Participant: 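One structure follows; several queries about it will come next.
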Protein chains: 2
Amino acid sequence: MARPRTPLLSRERIVAAALRLIDDEGLDALSTRRLATELSVSGPSLYNHFATKDELLDAVVDSVIGEVDLSMFSTDSASGTSGTSGSAGGVGITWQEALRDWARSYRAALAAHPNIVPVLAQGPGRRPNALRLADAVFGHLVESGWPRGQATRIGALMRYFVTGSALASFAAGFPADAEVYDAADYPHLGEAHRLAGHRGTVDEGAFETGLEALLDGLALRYARLA
Amino acid sequence: MARPRTPLLSRERIVAAALRLIDDEGLDALSTRRLATELSVSGPSLYNHFATKDELLDAVVDSVIGEVDLSMFSTDSASGTSGTSGSAGGVGITWQEALRDWARSYRAALAAHPNIVPVLAQGPGRRPNALRLADAVFGHLVESGWPRGQATRIGALMRYFVTGSALASFAAGFPADAEVYDAADYPHLGEAHRLAGHRGTVDEGAFETGLEALLDGLALRYARLA
DNA sequence: ACCTGAACACCGTTCAAGT
DNA sequence: ACCTGAACACCGTTCAAGT
């Protein structure tokens, strides 16, 4: 025991095991003792790698944010609404196309780990990947011609929508038990017990509808700028 | 001690004290022992009124949802896009106006208690006020002419946006410490340290911009229905 | 019915001790 | 430098005991 010649732990291994635990059993299941057991070490060992549990959680969160694709923003000069189309790549796409691709990647990364979204939604804090994300979105919108104040608001409202959509499944929030929906109390929810069974398509459809509506609404405002 | 002739506790008193604790010190500060101390009783006393801490939390959540105004949906027959305007009241307003008024009330209720939003966002479950809310929104959209599948999606996407906006302040998520934003790493965030100082207006502006964009985008789709 | 104290299996974190 | 066991002040919950 005591110090082994090759370390048993590393920040990477700890973060990976913590994320697995959170995904599988929820945020409450992440205890330092439980995590240590999962890694076959004793509880206090973790404190050689992270000062506190919060610092560990911060690292987990930033590893998730690091999965978000930002390549659509790395264009030399952002083009306006009337650019050549083609939704992939990184050059010559409109801000709407960039925002749409980014929102999908953002949601996919978060929805893969819904249990950690409440932590992540608190904002970038001092986490490098989260700050890089905010920088890329804001920078791209400003270079596309949005005034800085508007660009800030768009970054915010997109985060509202994406974190909200990844925080929890809408469909799964309705119990599959038909007896819950008493017609006298909830006259329009007679079919709500079927929602949970179509979880994936309902949530996907709602996200896509909302995303397109949002982009259309923003395009209306963009047209009024000039 | 033992049983007093007039009960020391009630579900209402417990819920109110729990919400106060969550608002003031966060979800983690709500422990049964701490809450009991706040109410001048011993820890196990709470179990005479709630079977588990989760059941107590459910009651707290539903009390918050109960604050959301749903009166804009209680109109005899919902009117279409071309109704007489006037954004208050409850009769003869368009679905857009109803949705806008509801979204503002919904956000206000949630934003007053941001620390409990992660719990609340899990869905209505079996909570009566949450089910009433879902019923009112869905019913109104269907009566306004939206197909049921679309109405479900709109209910979902509105919840995404509202819960996302109430979960955490966008502006407050950026540290006020200017040294965080190294120009080499984050070339566009030079002013981000000022965000936290304008917390209220930034988040309010983002919410209103997103809400109007969403409603405009949905109106485009509504027009295509007929 | 409604409160209490004692007890159980848990927490995050500190610290002295080992190599 | 990196791990350990013991210890501290906490948790949620159960239960027997009181009125």
Side-chain angles (χ1 to χ4, degrees), chain A residues 1-62 115-116 118-120 122 125 127, chain B residues 1-63 115-116 118-120 122 125:
Chain A
M1 313 307 152
R3 173 161 119 92
R5 35 185 138 82
T6 168
L8 298 174
L9 297 175
S10 70
R11 286 175 69 100
E12 290 70 28
R13 274 198 66 220
I14 296 170
V15 166
L19 184 56
R20 208 177 318 122
L21 198 48
I22 292 168
D23 286 344
D24 293 348
E25 308 186 31
L27 205 53
D28 289 342
L30 181 75
S31 75
T32 56
R33 290 160 195 260
R34 173 73 193 281
L35 178 58
T37 303
E38 220 80 34
L39 290 161
S40 306
V41 296
S42 79
S45 302
L46 301 171
Y47 289 84
N48 285 296
H49 303 270
F50 295 96
T52 62
K53 187 184 170 184
D54 269 356
E55 192 184 298
L56 159 58
L57 213 50
D58 243 37
V60 176
V61 164
D62 214 39
N115 296 333
I116 210 176
V119 185
L120 178 153
Q122 296 306 309
R127 298 187 300 262
Chain B
M1 314 306 152
R3 174 160 118 92
R5 37 183 135 84
T6 168
L8 296 175
L9 296 175
S10 69
R11 286 175 69 101
E12 290 69 31
R13 273 199 67 219
I14 296 171
V15 165
L19 183 56
R20 208 178 315 123
L21 198 47
I22 291 169
D23 286 345
D24 292 349
E25 309 186 31
L27 206 51
D28 290 341
L30 181 75
S31 74
T32 56
R33 291 160 194 261
R34 173 72 193 281
L35 178 58
T37 304
E38 219 79 35
L39 290 161
S40 307
V41 296
S42 80
S45 303
L46 301 172
Y47 289 84
N48 287 295
H49 303 269
F50 294 97
T52 62
K53 187 184 168 183
D54 269 356
E55 192 183 298
L56 159 58
L57 213 49
D58 244 36
V60 176
V61 164
D62 214 40
S63 81
N115 296 332
I116 210 175
V119 185
L120 179 152
Q122 296 306 307

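In what follows, every heavy atom counts, from backbone to side chain, and hydrogens, waters and symmetry copies are set aside. To find a chain, count down the sequence lines: A is the first, B the second, and so on, and within it residues start at 1. These numbers were taken from a predicted model, which means no experiment stands behind them.
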Participant: CZ of A:Phe50 versus C1' of D:dA1: gap in Å, rounded?
Facilitator: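 Nearest whole value for this atom pair: 16 Å.
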
Participant: When we call it a touch if two heavy atoms are under 4.0 Å apart, what does A:Ser31 touch: a base, just sugar-phosphate, or nothing?
Facilitator: sugar-phosphate

Participant: Within the side chain of B:Arg11, is there an N or O that forms a donor-acceptor pair under 3.5 Å with the backbone of B:His49?
Facilitator: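 Here the side-chain-to-backbone pair exists.
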
Participant: When you check the phosphate oxygens OP1 and OP2 of C:dT4, does a side-chain N or O of B:Ser42 lie under 4.0 Å from one of them?
Facilitator: yes

Participant: How close or far is atom P of D:dA9 from atom CZ of A:Arg33, stated in whole angstroms?
Facilitator: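 From A:Arg33 CZ to D:dA9 P: 14 Å.
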
Participant: Output the rounded distance in Å from CG (A:Leu39) to P (D:dC2).
Facilitator: 15 Å

Participant: Side chain to side chain contact (heavy atoms under 4.5 Å, CB included) for B:Ile14 and B:Leu56? Distances and angles first, verdict last.
Facilitator: CA-CA 8 Å; B:Ile14 296 171; B:Leu56 159 58; 3.7 Å; yes

Participant: What's the separation between atom CG in A:Leu30 and atom CD in A:Glu38, rounded to the nearest 0.5 Å?
Facilitator: 10.0 Å

Participant: Could you give me the CA-CA distance, side-chain angles and deciding distance for A:Phe50 and A:Val15, then say whether side chain to side chain contact (heavy atoms under 4.5 Å, CB included) is met?
Facilitator: CA-CA 10 Å; A:Phe50 295 96; A:Val15 166; 3.9 Å; yes

Participant: Of the options A:Asn115, A:Val61, A:Val60, which is the one that meets A:Leu19 in a side-chain contact (heavy atoms from CB on, under 4.5 Å)?
Facilitator: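 Of the listed options, the one satisfying the test is A:Val60.
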
Participant: Rounded to the nearest Å, what distance is computed from the CZ atom of residue B:Arg3 to the C1' atom of nucleotide D:dA16?
Facilitator: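 Distance check: B:Arg3 CZ to D:dA16 C1' gives 18 Å.
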
Participant: Phosphate oxygens OP1/OP2 of D:dC2: is one of them under 4.0 Å from a side-chain N or O of A:Ser45?
Facilitator: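 No, no such contact exists.
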
Participant: What is the nucleic acid contact for A:Leu30, judged by heavy atoms within less than 4.0 Å: base, sugar-phosphate only, or nothing?
Facilitator: sugar-phosphate

Participant: Assign each of A:Ala51 and A:Ala29 to its nearest nucleotide of DNA chain C by heavy atoms, then name whichever residue's nucleotide is nearer the 5' end.
Facilitator: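 First, find each residue's nearest nucleotide; the 5'-ward one identifies A:Ala29.
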
Participant: For the pair made of CD1 in A:Ile14 and C1' in D:dC2, what is the distance, rounded to whole Å?
Facilitator: 11 Å

Participant: In Watson-Crick or G-U wobble terms, both distances under 3.5 Å, what is the partner of C:dG5?
Facilitator: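 Partner of C:dG5: D:dC15.
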
Participant: Check every atom of C:dC11, C:dC15, D:dC3 against the side chain of A:Pro4 and return the nucleotide holding the closest atom.
Facilitator: D:dC3

Participant: How many Å lie between CZ on A:Arg13 and C1' on D:dC2, as a whole number?
Facilitator: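 These atoms are roughly 14 Å apart.
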
Participant: Please give, in whole Å, the distance from D:dT19 P to B:Asn48 CG?
Facilitator: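 Rounding to the nearest Å, CG of B:Asn48 and P of D:dT19 are 17 Å apart.
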
Participant: A:Leu46 CG to C:dC11 P: how many Å, rounded?
Facilitator: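 Nearest whole value for this atom pair: 12 Å.
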
Participant: Please tell me if A:His49 has a side-chain N or O lying less than 4.0 Å from either OP1 or OP2 of D:dC3.
Facilitator: yes

